[in-house]
*Asks:* 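This is the structure, below, for whatever I ask next.
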Amino acid sequence: MTKTVVALVVLLAFLALGDRWAVLYAENLAAQKVQDALKLRAAPEVHIGGFPFLTQLATGHVDHVEANVPDVPAGRVSIAQVKGTVDDIRVVGDLPTSVQGAVLSRVHGQVFLDFDDLNREVAASQVRLEPGPQENSVVAHGAVPVGGTHAEIRSRAHLQRTGDRGLTMTVEDTRLVVPGLLTYTPGKGGGLQLTPPTADKVDDGALQQATGERIRPDRLMKGRALDALVDHPALLKPTGIDPALIRGLQKAGEPKEAEKMEFSAQLPNDLPGDLRLRGISVTEDGIRADLSGKDVPLGG
């Protein structure tokens, strides 16, 4: 009886060892296929769940697979991480020599864009992207040299899906701020607004005489009002603002820093099956996009 028990234990151990070896072989093979298909610099991590694995193969169904793909190129930016799970993989063909492919019944994944990567690859050197105060919003802030001083740049970014396979980030509401003195909004419809303490130091009568219009210094000033501040330095002297700063703001136009922060990312067009982006969210560390699909063919 003892010999029989020992023999059974040894047999089960060899079966278990063979099953684990088969799992490792399948995981490595799957990782190589994904690496080749996506042209990755490093092989992804693949984990096949369920036990015993060989029994699953014998029935032509694999219960659960998890994959972690790092650093996926996606045009102008790099995707820091793609995580995916697949439930119920149906093997197409006859095992073990005539496998034609597989059908992935249910696929769920997450695509993650790290703020550190976006700041390095997309944003200007002195501007950073961070989570905004509203849900799923992004803000940009930093400093840029203007007219002999440094002005803070503040922007809001707008995230949206482009179809079912991509996302874009556009930058809007860009402002240049010199704290305690002024806010300048470049572009069409923008202008200069002095802070109330600074505006109170401007002579309203002198400003009206210089521009030919009745303008309140604490309101948005543009066009001839801005030109008047530059052409008549005496108007700014009580405020301590150098006219060179106003000239620099006028030349800023739409800051190129805002354009540098805009980007789009797109899933490859040749992905198999019905894989689509389902939603976008912003976390403390970056931007996360969820994707899913059903009955996705693989190989064959």
Side-chain angles (χ1 to χ4, degrees), residues 19-54 56-57 61-91 99 101-122 129 131 136 159 161 164-167 169 263-300:
D19 189 86
R20 293 300 88 190
W21 180 88
V23 169
L24 290 175
Y25 176 80
E27 289 174 345
N28 289 332
L29 182 61
Q32 291 173 10
K33 294 295 185 183
V34 173
Q35 183 180 5
D36 293 341
L38 297 180
K39 298 179 175 60
L40 303 175
R41 288 187 287 268
E45 299 175 7
V46 177
H47 175 70
I48 299 176
F51 180 83
F53 173 64
L54 292 175
Q56 296 180 59
L57 281 184
H61 287 262
V62 178
D63 296 335
H64 184 79
V65 175
E66 298 178 359
N68 184 353
V69 185
D71 194 19
V72 181
R76 189 180 172 194
V77 299
S78 295
I79 297 174
Q81 186 180 60
V82 177
K83 287 185 175 180
T85 61
V86 182
D87 294 304
D88 187 17
I89 300 175
R90 305 192 301 272
V91 178
V99 176
V103 176
L104 315 181
S105 297
R106 296 182 300 278
V107 179
H108 299 276
Q110 288 187 334
V111 176
F112 181 65
L113 298 169
D114 192 290
F115 277 133
D116 289 339
D117 292 339
L118 291 176
N119 287 326
R120 181 175 60 253
E121 299 175 3
V122 177
L129 300 170
N136 293 341
L159 285 169
R161 281 192 299 164
D164 294 323
R165 292 181 178 269
L167 63 87
M169 186 176 76
F263 76 92
S264 61
Q266 186 82 17
L267 291 174
N269 291 325
D270 55 354
L271 284 177
D274 186 33
L275 281 174
R276 301 177 184 274
L277 285 175
R278 306 298 181 183
I280 301 171
S281 59
V282 177
T283 70
E284 286 296 319
D285 299 320
I287 300 169
R288 194 177 304 277
D290 297 314
L291 58 88
S292 64
K294 293 182 178 180
D295 296 327
V296 178
L298 189 64

*Asks:* Work out which heavy atom in S292 is nearest to a heavy atom in R278; give both atom names and the distance.
*Replies:* OG-NE, 2.8 Å
*Asks:* For residues T283 and R288, is any side-chain donor paired with an opposing acceptor at under 3.5 Å?
*Replies:* no
*Asks:* Residues two or more places apart in sequence or in another chain: which of them pass side-chain hydrogen bond (donor to acceptor under 3.5 Å, both in side chains) with D88?
*Replies:* H61, S105
*Asks:* By side-chain hydrogen bond (donor to acceptor under 3.5 Å, both in side chains), which residues pair with E66, not counting sequence neighbours?
*Replies:* H64
*Asks:* With rounding to the nearest 0.5 Å, note down the distance linking CG in D285 to CG in D114.
*Replies:* 6.5 Å
*Asks:* Show your working on side-chain contact (heavy atoms from CB on, under 4.5 Å) between L113 and L167 and close with a plain yes or no.
*Replies:* CA-CA 11 Å; L113 298 169; L167 63 87; 4.2 Å; yes
*Asks:* To the nearest 0.5 Å, what is the distance between CG (D290) and OG (S281)?
*Replies:* 6.0 Å
*Asks:* Applying the side-chain contact (heavy atoms from CB on, under 4.5 Å) test to L129, which of D116, L118, V282 qualifies?
*Replies:* L118
*Asks:* What distance separates T85 OG1 from Q110 CD, expressed to the nearest 0.5 Å?
*Replies:* 9.0 Å
*Asks:* Test V86 against every option in I48, D63, V107 by the side-chain contact (heavy atoms from CB on, under 4.5 Å) rule and name the one that passes.
*Replies:* V107
*Asks:* Could you measure the distance from the NE2 atom of H47 to the CG atom of N68? Nearest 0.5 Å is fine.
*Replies:* 12.5 Å
*Asks:* With sequence neighbours excluded, what pairs up with R276 under the side-chain hydrogen bond (donor to acceptor under 3.5 Å, both in side chains) test?
*Replies:* D164, D274
